[in-house]
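Have a look at the structure below before the remarks.
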Amino acid sequence: MCGIIGYVGEQDAAPILIDGLRRLEYRGYDSVGIAVLEDSGGIAVRKSEGRLVSLTSILEESWPHGRQGIGHTRWATHGRPSDANAHPHTDCTGTLVVIHNGIVENHRDLRARLEAAGHAFNSDTDTEVIPHLLEEHLKDGTDLHDALAQAIEELAGAHAILTMSASEPGVIVAGRKGNAGGVTIGYGEDEMFIASDLPALLPHTQRLVFLEDGDTVLIRGREATYRNHGVAVEREPQEVGLDPVSAAKGNFKHFMQKEIAEQAEVVLDTLRGRALFGESRVDLDDMARFCELLPQVRRVLLTGMGTSLHAAMIGRHYFEQIAGLPAECDNASEMRYRGAPIGPETLVVSVSQSGETVDTLAAMNEAKERGCPQVTICNVPGSQSSRVADAVVYTRCGPEIGVASTKTYLASITALYLLACYSAQELGVVDRERLGGFLEPLARLPKLVGETLTHDSIIEGIANEYYQHENFLFLARGIQYPVAMEGALKLKEVSYIHAEGYPAGEMKHGPIALIDRDMPVIAICLRDALRDKMMSNIEQVKAREGIVIALATEGDRELEEKADHVIYVPETSPLLAPILASIPLQAFSYHVALRRGCDVDQPRNLAKTVTVE
Ligand code: M6R
């Protein structure tokens, strides 16, 4: 969950590390630290509880100078956020430093063993066993690369580690075990960068190596030497061709605001060159393996976590309605332990913005073991999920920095729609005309997303009226039900308001007891086969003096008589309507959170990518 950065080169390392941490702060932000190997030969560690700003104020008083260093922004798992628990951690000599992402599951045993051998610990973290373990291995006369390769084998759990030592100047060693988030090596001109995520690398270089599970790497000068489980391997840098500008805030106040505003373009980019309207065909890259496996598929199981799960829930309707395949959706953290009877006849479709979410990867690995064909929807080239799956449909959003997913959610739904169309096409279950019918509304979709975004000031007005309420209910039916779930999730995470998303039919089975004039109900009531059912639910809320904020299709004036407020979204096909309906709900949570004085880009307790269980 944490952000990791490293630098070796000719420039002053500390400013580069701080800039990298600023770009990675969305990964975790309860404490932060750097270590620099100073030109004098000593290791300087500066760290602090709190956000990056608390570290920069320490640095203003004493700025370490040296040309290599490592930095970390933390999301606490073991040991509360504090100065002592912040990374980097050192060995007993203070000449070796480590930063780490993951959980050392056997840290108690290791710590007991190391303490018995005379090591003194300074923190409550699981991480601190790593520098002491390295110190032990180095006593045997091994070098840092060997020491990390050996130590990592002793650590239970999944890990991403960076280390350096004053006794090996010019060297940083990194390792990756399991799925604790990525470690990517960036090749500069005369310098090397290491980071957990692309936003910290892209301003410097696009030539990257993504460490594989079991890899360790020694970086010295411009060279990187790789091993996998101790055996030398070659890893060629690849050019990723991503735009660093899209990771900057530009003229927007917040990343969340910017990322919501970008969505018309993001949907267009996800469709570009894939939905071939003239030919009534879908063209996706690198699908040969998928097409080979597709004929054996009899059903689809979609999975993901959080917002990505909600996208997957919408995708379920696409596979059923477009490709005619029975489809289910399961939370990845449940699927991984469920022992579901799946095999080569089940196509597993995972959705993960980062491609590094631990539960989603575990569910994918489980599916792989059972021989399921797999395709993943992902935003990060080279991520773990893109390696596990047989095929990837990238969402092409550029980095998403706001911790609350917005643009990647819309793009994931769009990609799922394309994938369902592609599957139908390749299975031959739709003729050209029918497929053309599914594709046609996509052509106007980016424009309609843009139009939906223009209602922002109306939504801001409603947010201003209701931001002090402590509970919200989101109701919808059918394909809009996941949109209600996502609306509630967005509000919870950025404004800390309690919110629940329910299928409206469920309301009478319990939630109706909550309804009174203090409980705003956001009802998604677009013009589709279930609109009249939703209208009845709205009547039931009003009969109990509930407040109704309704989402309606443009032109549906009837709702104005029933609801307290109506937010209109443009008409599109019922299958694509969830994309448009999601936008006002994103904007609503953004404005509510701002009025409540919350940090919309870095909400408390959250991290962008959840790499621990
Ligand atoms: O990277 P992923 O899409 O796999 O992340 C899954 C969830 O952690 C994520 O969607 C989370 O729920 C959102 N950031 C919330 O807005």
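Order of listing sets the numbers, starting from 1, for every ligand and every atom in it. The first residue in the sequence is number 1, and the count goes up from there. Computed from a predicted structure; not experimentally measured.
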Give the residue and atom name of whichever protein heavy atom lies nearest to [atom], and the separation in Å to one decimal.
atom                    : result
atom 13 (C) of ligand 1 : S405 OG, 3.3 Å
atom 6 (C) of ligand 1  : M305 O, 3.3 Å
atom 11 (C) of ligand 1 : T307 N, 4.0 Å

Item checked: Test log, rule ring-ring contact (aromatic ring centres under 6.0 Å, His included), inputs F588 and F474 -> CA-CA 12 Å; F588 182 71; F474 288 70; 7.2 Å; no

Margin query: Whether R596 engages the ring of Y496 as a cation-pi pair (distance to the six-membered ring centre under 6.0 angstrom, angle to the ring normal within 45°) should be assessed.
Written below: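 So R596 doesn't make the cation-pi contact.
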
[atom1]-[atom2] distance between [X] and [Y], expressed to the nearest 0.5 angstrom:
X    : Y    : atom1 : atom2 : value
L24  : I401 : CG    : CD1   : 8.5 Å
L580 : L526 : CG    : CG    : 8.5 Å
Y318 : L419 : OH    : CG    : 12.0 Å

Check: Would you call E356 a ligand 1 contact, heavy-atom distance under 4.0 Å?
Finding: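 Flag not set, E356 not near ligand 1.
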
Notebook entry, point to check: Which bit of V403 gets closer than 4.0 Å to ligand 1, counting heavy atoms only: side chain, backbone, both or neither?
Noted result: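 The backbone, only.
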
Item checked: Proximity to ligand 1 by part of E493, non-hydrogen separation under 4.0 Å ->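 Answer for E493: side chain.
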
Next item on the list: Name the orientation class of the two ring planes belonging to H87 and H100 (parallel below 30°, tilted from 30 to 60°, perpendicular beyond 60°).
Entry: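 The arrangement is parallel - the two ring planes meet at less than 30°.
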
Within-cut-off N or O pair, [X] and ligand 1, under 3.5 Å:
X    : answer
T609 : no
T357 : yes
V610 : no

Within a distance under 4.0 Å of any heavy atom of [X], pick out the atoms of ligand 1 and give their elements.
X    : result
Q353 : 1 (O), 2 (P), 3 (O), 4 (O)
A404 : 16 (O)
S354 : 1 (O), 2 (P), 4 (O)

Check: Near D286 CG, under 6.0 Å, is it more than 12 heavy atoms from other residues, nucleotides or ligands?
Finding: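 Result for CG/D286: open.
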
Next item on the list: Answer yes when E25 and R51 have at least one side-chain N-carboxylate O distance shorter than 4.0 Å, and no when they do not.
Entry: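 R51 and E25: not salt-bridged.
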
